There are 4 protein chains.
Amino acid sequence: MQPTARRGRPRKQEADARILDAALELLLDCGYDRFSVDEVAAKAQVAKTTLYRRWPTKDHLIVAVVARIQDEVPVEYSGDVRADLTRYLNEIVNGLNRMRQVGRATASGDASAGLVAEVAAAAARHADVGAAVQAMFARRNALVLTLLEQAREHGELRSDVEPGVLFDQLAGALYYRLLVTGRPIDAAYVDRLVTGALTGASA
Amino acid sequence: MQPTARRGRPRKQEADARILDAALELLLDCGYDRFSVDEVAAKAQVAKTTLYRRWPTKDHLIVAVVARIQDEVPVEYSGDVRADLTRYLNEIVNGLNRMRQVGRATASGDASAGLVAEVAAAAARHADVGAAVQAMFARRNALVLTLLEQAREHGELRSDVEPGVLFDQLAGALYYRLLVTGRPIDAAYVDRLVTGALTGASA
Amino acid sequence: MQPTARRGRPRKQEADARILDAALELLLDCGYDRFSVDEVAAKAQVAKTTLYRRWPTKDHLIVAVVARIQDEVPVEYSGDVRADLTRYLNEIVNGLNRMRQVGRATASGDASAGLVAEVAAAAARHADVGAAVQAMFARRNALVLTLLEQAREHGELRSDVEPGVLFDQLAGALYYRLLVTGRPIDAAYVDRLVTGALTGASA
Amino acid sequence: MQPTARRGRPRKQEADARILDAALELLLDCGYDRFSVDEVAAKAQVAKTTLYRRWPTKDHLIVAVVARIQDEVPVEYSGDVRADLTRYLNEIVNGLNRMRQVGRATASGDASAGLVAEVAAAAARHADVGAAVQAMFARRNALVLTLLEQAREHGELRSDVEPGVLFDQLAGALYYRLLVTGRPIDAAYVDRLVTGALTGASA
DNA sequence: CGTTAACCGAGACGGTACGTCTGGTCTTTAA
DNA sequence: TTAAAGACCAGACGTACCGTCTCGGTTAACG
């Protein structure tokens, strides 16, 4: 069962890669707002139509670029949730801190949410971009949610813990710091966070 | 000691209000990107110079607008942290859900982060806007942090709880949902969140 | 002696007609500049290649369309040049006035040269289109030039009259009005024109 | 009585000239279709907005350029209409022949209507451009129409001659040759034309 | 009371990205 | 070879917006 017998000239696969490569490079150099679609097309040696046929908007393109550099964080339940979570969150923190610097000529210490905020904004502007972003995060966090599930079954976590909510608390705190309060995020903070979430606040 | 003896024609106070009013209205109608400074000036019957003298950037203006509609959430320790927290978070949730609709013609249910993401992005773009946003949130949350402090002294919370971290977990989860996963936020979710954070996940 | 032994799949004759029909319709609806080759192909249910194989340029296509709707104006010397000329010129005027409306949604009276000017421009751009246009006009006016010749031989016109020059004066005036001054052209004007040309201006 | 008390920053007069200069140069080099508004703006060192504020369309701009290089042809009644007309028409012919070459890299002899046709087409596309073109020609030919009037009063022309119609015959023939038949136009042709129009064709 | 510094309104300006459109060519598969 | 479909290149177009600047004119407070 052929899905659809393709008609007409097929898309040049090579173009996709060339565009995304060029876009990534430009994004790292210039950040979101000095990033120009024309320039991407030029750098990728591709006509603008070819680009716009694939990503109908600057926002779409940028999200595609970001999705592409999202590295899988391998994570497997080791029998010690605390250690697993800490390791995983630190990976995320590293990624976020890298993104903070995007487009800043000087690696200045002026805590900035850089790309992440722009991606969130793009997701807010276009429904389809939003869906893509959500899918990206869902895929990324699927493993860690499974892990939490396993830890619960294994008896390390209370049986009434909801993995989704627990993870929201942890990841949320990181993004909150990044996007809203702008305070620094480091390994020590991750530790305190995990401790707090596992221990609970009530006396 | 007068800060600076003003010379020349004083600014027209009325203009500030007219501009912010117009800006708010436009923001609610159009959302961030179809919001144009020219249009604000026109609607406020004010010259663009008058506007730019006060807010040097579209981003500055928008943050000023948002700061203005941030209502103080009065909160006082009642002896029951759980209830106090729940109430406070629900207030925030209401505010966020209102913002979600900004710029959407139809009040469609397509979960959008609307303004919040744009403000975060603006904060990421300009250092001073970032500072203003952080100050806004700091001011807003000062009361609840004090409240957590009191609850700890009162023995309702463990003595090693860090109010800042605890609050990050709670507020963070909300913003994470809003900005990243796009999933709905309601009172039931707030309940589960507070329960989780107070109880802790460890068996 | 076959000119060239055809090999491969023969051209679909039907396509020519379908394309010209579609092109004509589109031309009447939209005028020259909103006329797009892609749209013609779509409307004719024909691939763009099929179209370009026949007419290598938008201009070529349009001239082909115009040539097709040029109706032969039968004319024969009746012994009364003035009457013959008047009738012939009125036919031309009718055609021109029809063309004036091309591409105007409302049949407004805003005298426009419509298609004619575009065809002239096309002729100016491509040498071969120019040749085609000239041939079209030559073919069209051959009869009336012969007629003038006959009238001269018959003694109705001075023996030193050059039919070509005389006809230039008459047809030229019409096109000049159409393309340059934009003033209206009607039967009364044709009358005055013929009178002037036959009578002469000198006292 | 001030026509209008000017408000706001006045337009930079210098810009108009710089744009028209650049546009003219480009037009002479490239002809109509390789003429690009972007390039004009760049060459004139002017923002595209500045240009579009003055001429809302490529066509408008080009007509403005052409209008600017329309030199006044001084003409005064000398008592000899034939001579006056001949001189005037030859001036026009020179101008037309110059325009024929516009945009042709090589001064090839391939008779082309060049710019004139494009201007006529532009006039046909936009009502306001059409009006401008007609005004341009009206202004240009006002003198010669007056001259014909004087010649008639002076008894050189028949009293029932309509100057407008007579001039249509003459100028029209030139434009007809240029735009339609593409045949060459020279002094000899002008002579035959004037002779024909003054003498009349009837035996 | 005049000077002066800073304001206000209107609107042009520079700069630049955006996304669209079109013309004309090329690459597939199928007939 | 032609056809159909549609991707491709190239590049112009006109729009939108931001933030600055230039006018003419106004409004306080200072001297």
Side-chain angles (χ1 to χ4, degrees), chain A residues 5-13 15 33-42 45-59, chain B residues 5-12 14-15 33-39 41-42 45-61, chain C residues 6-12 14-15 33-39 41-42 44-59 61, chain D residues 5-12 15 33-42 45-59:
Chain A
R6 280 270 159 253
R7 320 245 301 193
R9 177 173 174 175
R11 290 202 181 163
K12 194 186 285 185
Q13 293 302 334
D33 45 357
R34 276 182 305 161
F35 173 100
S36 124
V37 178
D38 284 51
E39 205 172 338
V40 172
Q45 311 235 62
V46 148
K48 265 206 294 179
T49 38
T50 301
L51 194 160
Y52 273 104
R53 195 172 296 116
R54 291 160 165 78
W55 300 281
T57 280
K58 172 177 173 176
D59 282 342
Chain B
R6 280 267 165 251
R7 308 218 350 153
R9 176 174 174 175
R11 290 196 183 165
K12 192 187 286 185
E14 168 204 7
D33 49 353
R34 276 180 305 161
F35 172 100
S36 112
V37 178
D38 286 53
E39 206 172 337
Q45 311 235 62
V46 146
K48 268 209 293 178
T49 34
T50 302
L51 194 159
Y52 273 104
R53 200 170 291 120
R54 290 156 167 79
W55 299 279
T57 281
K58 171 178 171 173
D59 283 339
H60 288 80
L61 173 56
Chain C
R6 281 270 165 246
R7 306 211 359 147
R9 178 170 170 176
R11 288 198 183 167
K12 192 187 287 186
E14 168 203 8
D33 48 353
R34 278 180 304 163
F35 172 99
S36 110
V37 178
D38 286 53
E39 206 171 336
Q45 310 235 61
V46 147
K48 269 208 293 179
T49 33
T50 302
L51 194 160
Y52 274 104
R53 199 169 292 119
R54 289 158 167 80
W55 298 279
T57 282
K58 171 177 172 175
D59 282 340
L61 173 57
Chain D
R6 280 270 161 253
R7 321 244 299 193
R9 177 173 175 174
R11 291 204 179 160
K12 194 185 284 185
D33 45 357
R34 275 182 306 160
F35 173 99
S36 124
V37 179
D38 285 51
E39 205 172 339
V40 173
Q45 310 235 63
V46 148
K48 261 206 296 179
T49 39
T50 300
L51 195 159
Y52 274 104
R53 197 171 295 116
R54 290 159 166 77
W55 300 281
T57 282
K58 173 177 172 175
D59 281 342

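In this text, all values refer to a predicted model and were calculated from it rather than measured experimentally. Proteins get letters first, then strands, A, B, ... in listed order; numbering begins at 1 in each.
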Just N and O in the side chain of D/T50: are any of them under 4.0 Å from OP1 or OP2 of E/dA12? no
Rounded distance (Å) that lies between atom C1' of F/dC9 and atom CZ of A/R53: 10 Å
Where each residue is assigned the nucleotide of DNA chain F containing its nearest heavy atom, which of A/A15 and D/P56 is assigned the position nearer the 5′ end? A/A15
In whole angstrom, give the distance that lies between atom CZ of D/R54 and atom C1' of F/dT15. 18 Å
Nearest-nucleotide wise, let me know which of A/V37 and C/T57 is further upstream toward the 5' end of DNA chain E. A/V37
Short side-chain to backbone donor-acceptor contact, B/S36 and B/E39, under 3.5 Å: yes
Rounded to the Å, how far apart are A/R34 CZ and E/dT16 P? 12 Å
Using whole Å, what does the distance between atom P of nucleotide E/dG19 and atom CG of B/D33 come to? 10 Å
For C/T50 and C/A15, which heavy atoms make the closest approach, and how far apart are they? CG2-CB, 4.2 Å
Residue pair B/K12/D/P10 against DNA chain E: nearer the 5' end by closest nucleotide is B/K12
If you check the D/S36 side chain, which of F/dC30, F/dC13, E/dA10 turns out closest? F/dC13
For A/R11 and C/A47, find the nucleotide of DNA chain F closest to each by heavy atoms; which residue's nucleotide sits nearer the 5' end? C/A47
Atom-to-atom span, CG of A/D59 to C1' of E/dC18 - whole angstrom: 12 Å
Below 4.5 Å, heavy atoms only, C-beta onward: do D/W55 and D/V37 meet side chain to side chain? no
Kindly say whether B/F35 contributes a backbone atom to a donor-acceptor pair with the side chain of B/K58 at under 3.5 angstrom? yes
Selection from F/dT2, F/dC18, F/dA4 that lies nearest to any side-chain heavy atom of B/Y52: F/dC18
Pair of N/O donor and acceptor under 3.5 Å linking E/dG14 base with D/K48 side chain: no
Hey, does A/K58 reach any base, or is it just sugar-phosphate, or nothing, if we go heavy atoms under 4.0 Å? sugar-phosphate
Would the base of E/dG14 count as contacting D/T49 through its side chain, where contact means a donor and an acceptor less than 3.5 Å apart? yes
Figure out the CG/C1' separation between D/D38 and E/dC18, and round it to whole Å. 13 Å
Could you give the CG-to-C1' distance, from B/L51 to F/dT20, as a whole number of Å? 14 Å
Which pair of heavy atoms, one from B/K12 and one from B/R54, lies closest together, and at what distance? O-NH2, 3.0 Å
So what does A/E39 touch, heavy atoms closer than 4.0 Å: a base, only the sugar-phosphate, or nothing? nothing
Between the side-chain atoms of B/R9 and the base atoms of F/dT26, is any donor-acceptor pair under 3.5 Å? yes
